[in-house]
Amino acid sequence: MVNFNGDIIGEDVLFLNQENRGLRYGDALFETIRLVNNEVLLWEEHYLRLMASMRILRMEIPMKFTLEYLEEQIKKTAQENSFSNQARIRLTIYRNSGGLYLPNTNTVSFVIEATALDSPYYIFNADAYEVELYKDFYINADMLSNLKTNNRVLNVVGSIFAKENDYDSCLLLNGSKNVVEGLHSNIFLVKGKTIKTPPLQDGCINGIIRTQLINIINKLEDYTLVEESISSFELQKADELFFTNTIKGIKPITKYRKKQFSSVVAQELTGKLNAVIRLQKRDLV
């Protein structure tokens, strides 16, 4: 069951057609969200990012698109799919049909999907995870790259490259050949007591967990957080590399080329991230 503009309909019902601008031009945004015990985790952060992204793309924000309304729609979708205990939610906003590159309207529609989520909290997983650079295409270092739009063809072909070459994931570069992010995650690099992550100006997604970790690390006395460009030459000199996203939390990279990485800091930060999530849930009660 999916939620289309507030109505719950079966997955086999045809409610989109060839005029859909998300299909035609990638004229759409999405949020991937965790729902646990019928609570939408980090919802305010997701909501504010979504509203800011809609404004950047000149989408008209409906008056009913309040924090409370969209949260209610997310919960309704999870309940209709019997996933109220824990669910992975995808909320897609797209500009309504009409026009060519220039749209006839800036009004929008939304679709909410719910699928099963493995665990209510982030589970640290240090299993072997090997990555390589993906150099066929590059991320543009601009504000559009910070948004979670449906323009993900680079991530698609990068994922195919990773599978064909037996890598678990790939690292994406921008035009300056700096490491920007993974195929579906932000990236952090640990060297000694310094933890680096690329700045938004390099073109990385403005990730929700990226922001949470930046806030967490900045409060720690043992580490220094730096938002700086990461050269590919730094990778094999790092002590740790790890990915972050909303669904998996923190995923340590164990191998890049000939370098094997530890995961001590990633494990420590996973515990602190779960503590932030638990605190938010308690505040919601």
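Below, all heavy atoms of this structure are taken into account, side chains as well, without hydrogens, waters or symmetry copies.
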J.: Phe124 versus Ser263: any side-chain heavy-atom pair under 4.5 Å?
T.: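 Phe124 reaches Ser263 side chain to side chain.
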
J.: I need the Glu234 CD to Asn178 CG distance, nearest 0.5 Å.
T.: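 Output value for this atom pair is 8.5 Å.
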
J.: Check whether more than 12 heavy atoms from other residues, nucleotides or ligands sit under 6.0 Å from atom CZ of Arg152, and answer yes or no.
T.: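 Counting neighbours around CZ of Arg152, more than 12 heavy atoms of other residues, nucleotides or ligands fall under 6.0 Å, so yes.
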
J.: What do you reckon, is NZ of Lys76 surrounded by more than 12 foreign heavy atoms closer than 6.0 Å?
T.: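 For Lys76, atom NZ is crowded (more than 12 foreign heavy atoms under 6.0 Å).
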
J.: Less than 6.0 angstrom from the centroid, inside 45 degrees of the normal: does Lys177 satisfy that with respect to the ring of Tyr138?
T.: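 Checked: cation-pi criterion met.
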
J.: Is the backbone of Gly98 close enough, under 3.5 Å, to the side chain of Arg21 for a donor and an acceptor to pair up by distance?
T.: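 At least one qualifying donor-acceptor pair exists.
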
J.: Between the main-chain N or O of Ile139 and the side-chain N or O of Asn174, is there a donor-acceptor pair closer than 3.5 Å?
T.: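 Not confirmed, Asn174 side chain does not pair with Ile139 backbone.
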
J.: Which of parallel (below 30°), tilted (30 to 60°) and perpendicular (above 60°) describes Phe243 and Tyr129?
T.: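 Because their plane-to-plane angle is over 60°, the rings of Phe243 and Tyr129 count as perpendicular.
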
J.: Give a yes or no answer on whether the side chain of Tyr134 reaches the backbone of Gly182 with a donor-acceptor pair at less than 3.5 Å.
T.: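 It does not hold such a pair.
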
J.: Can you check whether Ile74 reaches Ile33 side chain to side chain, under 4.5 Å on heavy atoms?
T.: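 With C-beta onward as the side chain, the pair touches.
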
J.: If the test is side chain to side chain donor-acceptor pair (under 3.5 Å), which one of Asp27, Thr105, Asn104, Thr107 qualifies with Asn96?
T.: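 Of Asp27, Thr105, Asn104, Thr107, side chain to side chain donor-acceptor pair (under 3.5 Å) with Asn96 is met by Thr107 alone.
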
J.: Is the backbone of Glu19 close enough, under 3.5 Å, to the side chain of Asn17 for a donor and an acceptor to pair up by distance?
T.: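 Flag set: sc Asn17 to bb Glu19 pair under 3.5 Å.
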
J.: Quick check: does any side chain N or O of Asn146 sit under 3.5 Å from a backbone N or O of Asn206, one acting as donor and the other as acceptor?
T.: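 Looks like no, no N/O pair under 3.5 Å.
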
J.: May I ask you to check whether over 12 heavy atoms, not counting those of Lys163, lie within 6.0 Å of atom NZ?
T.: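 Count not over threshold, so no.
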
J.: Establish, from distance only, whether the side-chain atoms of Asn140 and Ser145 form a donor-acceptor pair under 3.5 Å.
T.: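 There is no such pair (donor and acceptor under 3.5 Å, judged by atom type) between the side chains of Asn140 and Ser145.
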
J.: Report yes if the side chains of Ile9 and Val2 come closer than 4.5 Å at any heavy-atom pair, otherwise no.
T.: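 Side chain of Ile9 against side chain of Val2, heavy atoms only: contact under 4.5 Å found.
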
J.: Drop me the distance from Ser262's OG to Leu241's CG, to the nearest 0.5 angstrom.
T.: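 The OG atom of Ser262 sits 9.5 Å away from the CG atom of Leu241.
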
J.: Between Ile216, Asn218, Val265, which is the residue that forms a side chain to side chain contact (heavy atoms under 4.5 Å, CB included) with Tyr223?
T.: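 Going through the options one by one, the only one that passes is Val265.
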
J.: Mind checking whether Leu235 and Arg257 have side chains closer than 4.5 Å, heavy atoms only?
T.: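 Not touching, per the 4.5 Å side-chain cut-off.
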
J.: At their closest point, which heavy atom of Ile250 faces which heavy atom of Ala266, and how far apart are they?
T.: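 Heavy atoms only, the tightest pair is CG2-CB, 3.9 Å.
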
J.: For Tyr121, is there any backbone N or O sitting under 3.5 Å from a side-chain donor or acceptor partner on Asn274?
T.: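 Here the side-chain-to-backbone pair does not exist.
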
J.: Considering only heavy atoms from C-beta outward, does the side chain of Val264 approach that of Asp239 to under 4.5 Å?
T.: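 No, side chains not in contact.
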
J.: Nearest 0.5 Å, what's the NZ-NZ distance between Lys191 and Lys196?
T.: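 These two atoms lie 11.5 Å from each other.
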
J.: Is there a side-chain contact between Ile209 and Asn186, using heavy atoms and a 4.5 Å cut-off?
T.: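 Contact flag for Ile209/Asn186 side chains = no.
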
J.: Evaluate whether atom NZ of Lys135 has more than 12 neighbouring non-hydrogen atoms of other residues, nucleotides or ligands under 6.0 angstrom away.
T.: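 Result for NZ/Lys135: open.
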
J.: Donor-acceptor pair, distance only, cut-off 3.5 Å: does the side chain of Glu45 make one with the backbone of Ile208?
T.: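 The answer is no, because no donor-acceptor pair under 3.5 Å joins these two groups.
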
J.: Identify whether the distance between the nearest side-chain nitrogen and carboxylate oxygen of Arg210 and Glu227 falls below 4.0 Å.
T.: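 Salt bridge flag = yes for Glu227 with Arg210.
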
J.: Under 6.0 Å from the CD atom of Glu44, do we count more than 12 heavy atoms belonging to anything else shown?
T.: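 Result for CD/Glu44: open.
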
J.: Drop me the distance from His184's NE2 to Ser169's OG, to the nearest 0.5 angstrom.
T.: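 Here the rounded value is 4.0 Å.
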
J.: Report yes or no: is the cationic atom of Arg24 (NZ for Lys, CZ for Arg) under 6.0 Å from the centre of the six-membered ring of Tyr94, at an angle within 45° of the ring normal?
T.: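 Judged by the rule (NZ or CZ under 6.0 Å from the ring centre, within 45° of its axis), Arg24 is not positioned above Tyr94.
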
J.: In the structure I gave you, are the side-chain heavy atoms of Arg95 and Asn106 within less than 4.5 Å of one another anywhere?
T.: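 Yes, close enough: below the 4.5 Å cut-off.
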
J.: Could you measure the distance from the CD1 atom of Ile205 to the NZ atom of Lys148? Nearest 0.5 Å is fine.
T.: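 So the gap between those two atoms works out to 6.5 Å.
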
J.: Assess whether atom CG of Asp118 is packed by more than 12 heavy atoms of other residues, nucleotides or ligands within 6.0 Å.
T.: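 It does not: Asp118 CG has 12 such atoms or fewer within range.
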
J.: Is the shortest side-chain heavy-atom distance between Leu67 and Leu48 below 4.5 Å?
T.: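 No, their side chains stay 4.5 Å or more apart.
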
J.: Parallel under 30°, tilted from 30 to 60°, perpendicular over 60°: which one fits the rings of Tyr69 and Phe65?
T.: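 Tyr69 vs Phe65 ring planes: parallel.
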
J.: I need the Asn125 CG to Ser119 OG distance, nearest 0.5 Å.
T.: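 Reported to 0.5 Å precision, the distance equals 11.5 Å.
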
